[in-house]
Peer 1: 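The structure follows.
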Amino acid sequence: MKSIIGAGLSIIFLLIAASCGNKRESSENGGHAALPDYPVITLKEQDAVLESVYPAVIRGKVDIEIRPRVDGFIDAIYIDEGSIVEKGEPLFKINSPKSDQDVATAKAAVTSAEAQVNTAKLNVDRIRPLAEKGIVSSVQLQSYENAYESATAVLSQARADLKNAVETRSWTLVASPVDGIAGRIPFRQGSLVNSSNILTTVANISMVYAYFSLNEKELMQLLTTIESRSQADVIKNMPPITLILADGSVYPEKGRIETIAGVLDVSTGSANFRAEFPNPHRLLRSGLSGKISIPKTLHHTLVIPQKATFNRQDKTLVYKVQGDSAVQKAVTVLPMPDGLHFVVTAGLAEGDKIVVDGLATLTNGKKITTR
C-alpha cells in the first residue's frame, strides 16, 4: 500500500515540474505568440506618366453658317439635313421680287444712258465742222463735248448698277462655300427669310478642332514641363494628346495642340487652347463634347499601389516600416491613369519600405515582421 502511494506522489511531482518548466520556457520566449507577418515593398525611383484631363468642345475645321444674302421666300430646298455637299453645290433657292425689280430698273437706266450718249455724240459730230469753219465758237463745241463725256460717265455708272443688280439677283441661289456636311435646316419651303436667319450650317469635318482651356496655374505647370524658349517651340514639343468622348470611349486618332491664346480671358482667368484631330471616318461631328487628356512624364519619382494607402481626416497615409514596427506616415500623391497606383510627390524617399496589404489590421506603432 505504501509503495502505491509513493508511486502516485512521484507522478504528481513530475507533472508539477513539467508545468514549471513550460512556464519558464514561455517566459524566456517573451511570453507572447509570434509577430504577425505583412507584405512590404521597397521604394525605388522610376519614370511615371500622369494625365491631365480638361473638358473640350469639338468643331469642324471649317464650320460655316449659311445665311441668305437677299430677303425673300424660300422657293426650293435642294438638300436634306446631314447631306454631304460640295463647294458650289446649290442648297436653297430664294424668291426675291425686289432683286428682279432692281435688275429691270438697272436695265432701263442703261437704255436711257445709252440714248443720252448717242444724242450727245450727234451734237458733237454736228457742231465740230461748224466750229472748225468758225461758224460757231469753240466754246460751244467744248460744251457739247463735255455733255458727251458726262453722258458716257452716266452710261458707265448705269452699266455698273446693272452688273451689281444681276450679281445680287444671283444670290437668290444659295450655294455651299465649302465641302462638308449640312446641319439642321430650321426653315422650310415658303418661309420668309433675311440675312439675320441661319438657313443651315456646313461643316468640313475631315479634320476637327477641339477647344479647351487651362487656368493660370495649370498653364504655368504645363509650360514648365516643356523645355523651349518660344511659343512655337512649346507647341512643337508638346506630346500627342488623347480625346475621350462623352461615352467614356477613347478616340483612336491622336491629336496635337495647334494654338495657345496669347492673352488670358480676364473674366475666367484661363487660356484657350485649340487641338487638331484627324477624322478620316467622320466619327466626330461638330458640336460634340468630350475631354482632352494631356500626358505628363515625371522623372525619378516614386510609385506606390493605391491599396497601400488609406485616408484619415482628409490626409493620405501609409504604413512605413521602421525597425520592427509599422508607423503611420502622411504622404502627398497624384493619381495615375491606370487607377491602381499613385505617384508620391512628398512624404517618402527612395529605399523606404511600406506595407502593401492588410492595413485594416494595423495600428500606429504595431510591431510586425515583413516579407
Side-chain angles (χ1 to χ4, degrees), residues 45-63 180-181 183 203-262 264-265 268-307 309 316 332-345:
E45 289 186 348
Q46 57 182 288
D47 293 343
V49 178
L50 301 181
E51 289 185 350
S52 299
V53 179
Y54 308 96
V57 176
I58 308 300
R59 298 293 182 201
K61 187 173 183 179
V62 178
D63 201 352
I181 297 178
N204 183 342
I205 58 173
S206 59
M207 299 288 289
V208 297
Y209 288 144
Y211 293 91
F212 63 101
S213 60
L214 275 67
N215 62 39
E216 185 176 355
K217 181 180 178 181
E218 294 168 335
L219 176 63
M220 296 308 299
Q221 290 176 344
L222 176 63
L223 296 181
T224 53
T225 61
I226 301 174
E227 296 181 359
S228 59
R229 296 184 178 180
S230 66
Q231 177 161 310
D233 290 336
V234 168
I235 295 173
K236 181 179 179 181
N237 295 330
M238 280 188 174
I241 61 176
T242 301
L243 175 63
I244 303 171
L245 302 178
D247 62 355
S249 62
V250 176
Y251 183 63
E253 302 285 345
K254 292 291 186 180
R256 294 199 64 86
I257 293 176
E258 294 288 327
T259 63
I260 304 174
L264 270 65
D265 188 329
T268 62
S270 60
N272 295 321
F273 284 64
R274 188 187 77 198
E276 185 178 67
F277 288 85
N279 191 27
H281 303 295
R282 305 299 194 271
L283 295 177
L284 302 179
R285 297 298 178 96
S286 186
L288 292 178
S289 61
K291 296 178 181 178
I292 292 295
S293 176
I294 303 178
K296 177 183 178 181
T297 301
L298 299 179
H299 301 286
H300 308 296
T301 189
L302 302 176
V303 178
I304 62 174
Q306 289 191 10
K307 67 178 183 178
T309 66
T316 301
T332 304
V333 296
L334 295 173
M336 293 189 66
D338 62 5
L340 301 175
H341 295 83
F342 285 133
V343 168
V344 180
T345 58

Peer 1: Kindly give the heavy-atom pair with the smallest separation between Asn279 and Leu284, and that separation in Å.
Peer 2: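 What the structure gives for the nearest pair is ND2-O, 2.9 Å.
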Peer 1: Please find the pair of heavy atoms, one from Ile205 and one from Gly60, that lie closest to each other, and give the distance.
Peer 2: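 Residues Ile205 and Gly60, closest heavy atoms: CG2-CA, 4.1 Å.
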Peer 1: Could you go through Ile292 and Phe277, starting from their C-alpha distance and side-chain angles, then the distance that decides it, and tell me whether this counts as side chain to side chain contact (heavy atoms under 4.5 Å, CB included)?
Peer 2: CA-CA 11 Å; Ile292 292 295; Phe277 288 85; 3.7 Å; yes
Peer 1: Under the side-chain hydrogen bond (donor to acceptor under 3.5 Å, both in side chains) rule, collect the residues that match up with Lys254, sequence neighbours excluded.
Peer 2: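 So Lys254 forms a side-chain hydrogen bond (donor to acceptor under 3.5 Å, both in side chains) with Thr242.
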Peer 1: On a heavy-atom basis, which atom in Ser206 and which in Asn204 lie closest, and how many Å separate them?
Peer 2: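 Nearest pair, atom of Ser206 first, then Asn204: OG-OD1, 3.0 Å.
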Peer 1: Taking all atoms of both residues into account, what is the closest heavy-atom pair of Gly287 and Arg59, and its distance?
Peer 2: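 Heavy atoms of Gly287 and Arg59 come nearest at CA-NH1, 3.5 Å.
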Peer 1: In Å and rounded to the nearest 0.5 Å, what is the CD to NE2 distance from Glu253 to His281?
Peer 2: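 Those atoms lie 6.5 Å apart.
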Peer 1: Please give me the minimum heavy-atom distance between Ala48 and Val343, naming the atom from each residue.
Peer 2: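 Closest approach of Ala48 to Val343, heavy atoms only: CB-CG2, 3.8 Å.
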Peer 1: First locate atom CG of Leu298, then atom CD of Glu45, and finally report the distance between them rounded to the nearest 0.5 Å.
Peer 2: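 Reported value, rounded in 0.5 Å steps: 12.0 Å.
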Peer 1: Decide if atom CD of Glu216 counts as having more than 12 heavy atoms of other residues, nucleotides or ligands within a radius under 6.0 Å.
Peer 2: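 It does not: Glu216 CD has 12 such atoms or fewer within range.
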Peer 1: Nearest 0.5 Å, please: how far is OH in Tyr54 from CD1 in Ile241?
Peer 2: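 Rounded to the nearest 0.5 Å, the CD1-OH separation comes out at 11.0 Å.
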Peer 1: Which is it for Asp47 and His299 under the side chain to side chain contact (heavy atoms under 4.5 Å, CB included) test, yes or no, and what are the steps along the way?
Peer 2: CA-CA 4 Å; Asp47 293 343; His299 301 286; 3.3 Å; yes
Peer 1: To the nearest 0.5 Å, what is the distance between CZ on Phe273 and CD1 on Ile294?
Peer 2: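 Taking CZ in Phe273 and CD1 in Ile294, the distance rounds to 6.5 Å.
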Peer 1: Given Ser286, which partner from the list Asp63, Val57, Ile58 fulfils the side chain to side chain contact (heavy atoms under 4.5 Å, CB included) test?
Peer 2: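 In the set Asp63, Val57, Ile58, the residue that makes a side chain to side chain contact (heavy atoms under 4.5 Å, CB included) with Ser286 is Asp63.
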Peer 1: Contact between Val208 and Glu276 at the side-chain level, heavy atoms closer than 4.5 Å - yes or no?
Peer 2: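 Val208 does not reach Glu276 side chain to side chain.
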Peer 1: Do Ser270 and Asn272 have side-chain atoms, one donor and one acceptor, less than 3.5 Å apart?
Peer 2: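 No, no side-chain donor-acceptor pair sits under 3.5 Å.
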Peer 1: For Thr332, is there any backbone N or O sitting under 3.5 Å from a side-chain donor or acceptor partner on Thr345?
Peer 2: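 Pair found, side chain donor or acceptor close to backbone of Thr332.
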Peer 1: Would you say Arg256's side chain and Met238's backbone share a donor-acceptor pair under 3.5 angstrom?
Peer 2: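 Yes, the answer is positive, given that a donor and an acceptor are paired below the 3.5 Å cut-off.
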Peer 1: Within this structure, what is the CD-NZ distance for the pair Glu51 and Lys296, rounded to the nearest 0.5 Å?
Peer 2: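 One finds 13.0 Å between CD of Glu51 and NZ of Lys296.
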Peer 1: So which heavy atom on Ala275 is nearest to which on Phe212, and how close?
Peer 2: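 Taking Ala275 first and Phe212 second, the nearest heavy atoms are CB-CE2, 4.1 Å.
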Peer 1: When rounded to the nearest 0.5 angstrom, what is the spacing between CG in Leu214 and NZ in Lys217?
Peer 2: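 So the CG of Leu214 and the NZ of Lys217 are separated by 12.5 Å.
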